[in-house]
Amino acid sequence: MPPPPRPPAPPATPVSPLAVYNGTFGVRQAERLLWRAGFGPSPGHAEALARGGVVNAVRSLTRPSGAATLTGPEPKDSDGNALAPGDAWGHDHLWWLDRMVRTNQPLVERMALVWHDWFATSDGGVGDQDLMLGQNALLRRSAFGSFEQLVLDLTADPAMIRWLNQDENSKRNPNENYARELMELFTLGADRGAYTEDDVRELARALTGWESDWSAELGHHNFRYVPTRHDDASKTVFGASGNFGWEDACRMCVRHSQHPSYFVDRLWRYFIATPPSAGDRAKLEQAYRSSGYQVRPVLEAILMHPQLHAGPKMVKPPVVLIAGMLRALRRGVDSDSWRWLAEGAGQKLFWPPDVAGWDENRWLDTSTIRGRWSIVSEGLRDRYLQGDALSSYDAAETPEQAVAAARAFWGDPPLTSEAVGSLTSFAQSCLPVSMATWEQHQYRGLRQNALRQLVGCGPDSQVC
Amino acid sequence: MPVPAGTGLSRRSFLSRSAGMALAVYGASAMGPQVFEDGIAAAQAAPAQPVLVSVFLSGGADSLSVLAPTGHPRYSQLRPTLALGAGEGTAFSEDTSLRWHPSAAGLAALHGEGKVTTFPAIGYADANQSHFTSRHFWEVGELNPFGRVGWLGRFLDQHGTDDNPLQGLSLGYDLAPALATGGKPVAAVAQVDDYDFWSPGVWGPIPDPMLDEFGRQGSLATADPALAAARGATAATGRLRDQLEPFQSGYSTPGGVTYPPNNSFARRLGGLAAMLDADLPLKAVALEAPGGYDTHSDQASSLPNNLKQTCDSLLAFQRDVEARGLADRVLVNVWSEFGRRPGENGSGTDHGAAGASFVIGSRARGQMVGEFPGLTTLDSESNLRHTSDFRALYCSLLEQWFDVDAASIVPGASGFSRPQLVD
């Protein structure tokens, strides 16, 4: 009897449904990955990632084990006190910034930031930092899991309930705010024919039933679902009729045929500057659907994709710029300034401009560039040459050496050759033609301070 | 009178004043004093430019609160908790079935002086009730969700210059989308008197060349779109810094003009009046009114204060430009992405369709455009019907205020009426 045929070996699970970047993966490429999927490199991180190749590098970010560890000095406010993120004005921003700077799981924080933009909730409407921090914890633990579960959890999240008036959406007085944004911004997108104005009104009815109490002492509290506030009559949503409740409403949106395309396209745009091809889009939608609406498989495919590693640059969001700068400087959060400086560059955490989040296409203009200048100035506070360091500065330093020293100060960030050339011309021409001996030292030190500012906030450092 | 060289103005401030005379002064440091004097004399002889100020009420302002239709039979039924009390506010003289909200007293006062052209029900057919889509339509001046250039940006692309970012100025932390151009430079600045660039440990002979180098980093060429955007914004920042340098030690407001305190909107308007007085070359300016108008709940507690801050500031700005003798060349347009639903939802109002818009200025005609459509017949979604179109408003502003052809700026311009907005 012939031996039974050997069962064919199961096909190796593909690393990604899409092409995987197969070019050089060196330190520069690892740095870009860390900027896109985190907050830039901390010293040594890019070198370590480059050694393992792109697949391992991505998985080290998307599959962290255990709880994050925070390394470095504990955050403090300007008076040297510990942060009180739930109570003190602006400390919520500082508290999250500190996690971005010190975590060893940067993509977890970056995904929380993605969700904060995607489901943009502002304390300007919520008015309670503890509730905002509660939502922030939800976003953090939902970094890579089920998007459907995230939508369900957010629908029951007190900050969201307050923000979009779900606790005022009752059978007697339906309030459409959440129903509209759930479809328009969270799951389906506007102007795509995915829903009608009737769907908005009917979905609002399905979402009725939440309530909260208010007291002068506690503010809004005791968020809960109250069946008697729910409209339990039949509704018709997306052409289907039934006695839908809030969980049905969430699931119908996520399982809508036009949700995967919205999800895939939007998630892609957080990480890659150019849109996916039609073929890649279809494969990602399929992967997303067949995974049961899991985030991680889509995210891994995006982060391994050649367009991320070899495609055009992206602008660093303001808090990413700040966190990355503090990482490069090995400086912890030690000042209240980071909140208003981030605001001046256009991104105050927990205060997105509106429910659509920040406009990633408009980070840079004459107001926010000035804000970025101020960020770098603050970064250099206590890190500039003064006193003896100036009066004894190398009087023989050449322009080339001066530019190289300023680049090294920042951990050798990538600069284009034309930017280096222009900086070198500046270093050549900024000094007076004739200088006294003391000026030979001092002015070269001042030049070094200026070069640190210029390298830190020049246009090349705003992109990754 | 020409400003003589060496009157204490730094090189940069002299530059900005020269640019303010609409006379390009390139490489000014290489020019002799006589060139300046001749150039400024010539520029002062040129007519001053009209300026349009766009004020956005974010969130969908409830027009039925600003101009409450108290004389309409269904009003109290639709607004059981939000209706104006008997005798509250002041009657709208052009249609006494409407009453100004008490918090809109500043606007009512200007209307009484004939300086407010009112659109009581402006919108467009099949109103989109998404904040973002409807606002976008207003920003780009067409019902095109994919438009990338603002209507004022299109105006500047055709009638602006290549070297003056002040021609389209956002007063705020972000560029106003209406001002987004296809190529011409425009600017954003949060506060005009707070635009200095300081760096620790940089003094002596180094700051000036450092700032020049910062601008030069912005002028380098690149094929990468994101890097090009970063460099373009850096270059524009360098130019704007030159232009705003005279304001870095503050500005003064004419005696008798009082802006509401602790209000960044008012402070921005005050800075704007000072910039106009200094002849800075502005054409289109955009800023957002204070607070949010997306009053789904607790409308009675949030709307009055926001409305009062907005209207009091607008009144102060009008008084400011009047005192400075600039009122004939400044026009303000106040708008919102939509009005709110006539039927309240318990404590607030949901998104609606037609809303209100205002054109304010000494040259505003002061005559209502389109009637109030009443509350008896609403549209198929129970919203207010529109009796004027925002694109007709834009066509009239372009043609009557800027004296340019609207046809190449507002798509389908020939299909819109041209309400008379200014005298």
Side-chain angles (χ1 to χ4, degrees), chain A residues 124 165 168 170 172-177 180 184 190-191 197 200 273 312-315 343-344 346 354-356 359 362 364-371 373 377 380-381 384-386 390 416 418-419 422-423 426 429-432 442-443 445-447 449-450 453-454 457-460 462-463, chain B residues 58-59 128-133 145 165 170 172-175 177 180 186-190 195 197-207 209-210 212-214 216-218 220-222 224-227 229-234 236-237 240-241 292 294 296-297 345-348 350-351 381:
Chain A
N165 311 117
E168 295 168 61
S170 66
R172 210 170 139 206
N173 288 310
N175 187 308
E176 296 169 9
N177 207 8
R180 180 183 304 280
E184 176 174 339
D191 310 315
E197 281 297 322
V200 174
K313 299 176 194 293
M314 294 182 82
V315 175
E343 185 178 14
D354 56 41
V355 64
D359 186 345
R362 295 186 188 278
L364 300 178
D365 58 45
T366 47
S367 181
T368 54
I369 289 284
R370 193 259 183 173
W373 175 285
S377 299
L380 293 171
R381 187 172 60 81
Y384 64 94
L385 303 164
Q386 53 183 324
L390 276 185
T416 59
E418 64 269 20
S422 186
L423 289 169
F426 158 74
S429 63
C430 69
L431 300 178
Q442 187 116 356
Y443 287 178
L446 299 180
R447 175 177 74 178
N449 286 335
Q453 176 81 39
L454 288 168
C457 76
D460 286 39
Q462 307 312 316
V463 296
Chain B
S58 175
N128 193 302
Q129 291 171 61
S130 155
H131 290 294
F132 310 99
T133 305
S170 300
Y173 288 111
D174 308 297
L175 181 64
V186 292
V189 58
Y195 203 67
F197 286 72
W198 173 85
S199 187
V202 181
W203 42 270
I206 307 299
M210 173 181 72
D212 289 346
E213 171 60 18
F214 184 57
R216 203 156 40 238
Q217 290 274 318
L220 301 171
T222 175
D224 185 277
L227 183 54
R231 288 181 176 171
T234 300
T237 300
L240 183 62
R241 185 193 154 276
D294 192 19
H296 285 280
S297 76
N345 67 14
S347 71
D350 286 319
H351 300 185
E381 290 168 344

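Labels below follow one simple rule: chain letters A, B, ... track the order of the sequence lines, proteins then strands, and each chain is numbered from 1. None of the values given here were measured: they were computed from a predicted structure. Only heavy atoms go into these numbers, but all of them, side chains included; no hydrogens, no water, no symmetry mates.
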Give, as side chain, backbone, both or neither, the part of [X] having an atom under 4.5 angstrom from any heavy atom of chain A.
{"X": "B:Pro205", "result": "both"}
{"X": "B:Leu175", "result": "both"}
{"X": "B:Asp174", "result": "both"}
{"X": "B:Leu227", "result": "both"}
{"X": "B:Ser58", "result": "neither"}
{"X": "B:Pro177", "result": "both"}

Next item on the list: Run the numbers on B:Asp294 and A:Asn177 for side-chain contact (heavy atoms from CB on, under 4.5 Å), then give the verdict.
Entry: CA-CA 10 Å; B:Asp294 192 19; A:Asn177 207 8; 4.3 Å; yes

Is [Y] close to [X] at the side-chain level, that is, under 4.5 Å between some pair of heavy atoms?
{"X": "A:Asp460", "Y": "B:Arg231", "answer": "yes"}
{"X": "A:Ser377", "Y": "B:Pro200", "answer": "yes"}
{"X": "A:Phe426", "Y": "B:Asp212", "answer": "no"}
{"X": "B:Trp203", "Y": "A:Gln442", "answer": "yes"}

Quick check on [X] against chain B: is it the side chain, the backbone, both or neither that has a heavy atom closer than 4.5 Å?
{"X": "A:Leu446", "value": "both"}
{"X": "A:Asn175", "value": "both"}
{"X": "A:Gln386", "value": "neither"}
{"X": "A:Ala419", "value": "both"}

Atom [atom1] in [X], atom [atom2] in [Y]: separation rounded to 0.5 Å?
{"X": "A:Cys430", "Y": "B:Glu213", "atom1": "SG", "atom2": "CD", "value": "9.5 Å"}
{"X": "B:Ile206", "Y": "A:Arg447", "atom1": "CD1", "atom2": "CZ", "value": "8.0 Å"}
{"X": "A:Thr416", "Y": "B:Asp224", "atom1": "OG1", "atom2": "CG", "value": "10.0 Å"}
{"X": "B:Ser130", "Y": "A:Arg180", "atom1": "OG", "atom2": "CZ", "value": "7.0 Å"}

Checklist line | N/O donor-acceptor pair under 3.5 Å between A:Asn165 side chain and B:Ser297 backbone | finding: no

Notebook entry, point to check: Quick check: does any side chain N or O of A:Asp365 sit under 3.5 Å from a backbone N or O of B:Ala188, one acting as donor and the other as acceptor?
Noted result: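 No.
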
Checklist line | B:Tyr195: ring pair (Phe, Tyr, Trp, His ring centres under 6.0 Å) partners, not counting sequence neighbours | finding: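 With neighbours one apart ignored, the set is B:Phe197.
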
Check: Among all residues two or more places apart in sequence or in another chain, which pass the ring pair (Phe, Tyr, Trp, His ring centres under 6.0 Å) test with B:His351?
Finding: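 Ring pair (Phe, Tyr, Trp, His ring centres under 6.0 Å) list for B:His351, sorted by chain: B:His131, B:His296, B:Phe338.
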
Work out which heavy atom in [X] is nearest to a heavy atom in [Y]; give both atom names and the distance.
{"X": "B:Pro145", "Y": "A:Asp191", "value": "CB-OD2, 3.8 Å"}
{"X": "A:Val463", "Y": "B:Ala230", "value": "CG1-CB, 4.2 Å"}
{"X": "A:Ile369", "Y": "B:Thr234", "value": "CD1-OG1, 3.9 Å"}
{"X": "A:Ala356", "Y": "B:Phe132", "value": "CB-CE2, 3.4 Å"}
{"X": "B:Thr133", "Y": "A:Glu184", "value": "OG1-OE2, 4.4 Å"}

Next item on the list: Heavy atoms only, distances under 4.5 angstrom: which of B:Thr222, B:Asn128, B:Val202, B:Val186 has the most pairs with chain A? Name it, please.
Entry: B:Val202

Item checked: side-chain contact (heavy atoms from CB on, under 4.5 Å) evaluation trace for B:Ser199 with A:Trp373 -> CA-CA 8 Å; B:Ser199 187; A:Trp373 175 285; 4.2 Å; yes

Can you tell me which of [options] forms the most heavy-atom pairs within a distance under 4.5 Å of chain B?
{"options": "A:Val315, A:Leu380, A:Leu364", "value": "A:Leu364"}
{"options": "A:Gly124, A:Cys457, A:Gly371", "value": "A:Cys457"}
{"options": "A:Pro174, A:Ser422, A:Pro312", "value": "A:Ser422"}
{"options": "A:Gln462, A:Gln453, A:Arg370, A:Glu418", "value": "A:Arg370"}
{"options": "A:Glu197, A:Arg362, A:Arg381, A:Arg172", "value": "A:Glu197"}
{"options": "A:Leu454, A:Thr366, A:Leu390, A:Leu431", "value": "A:Thr366"}

Note to self: Set out, in order, the CA-CA distance, both residues' side-chain angles and the distance that settles side-chain contact (heavy atoms from CB on, under 4.5 Å) for A:Leu423 and B:Gln217, then state yes or no.
What the structure shows: CA-CA 8 Å; A:Leu423 289 169; B:Gln217 290 274 318; 3.3 Å; yes

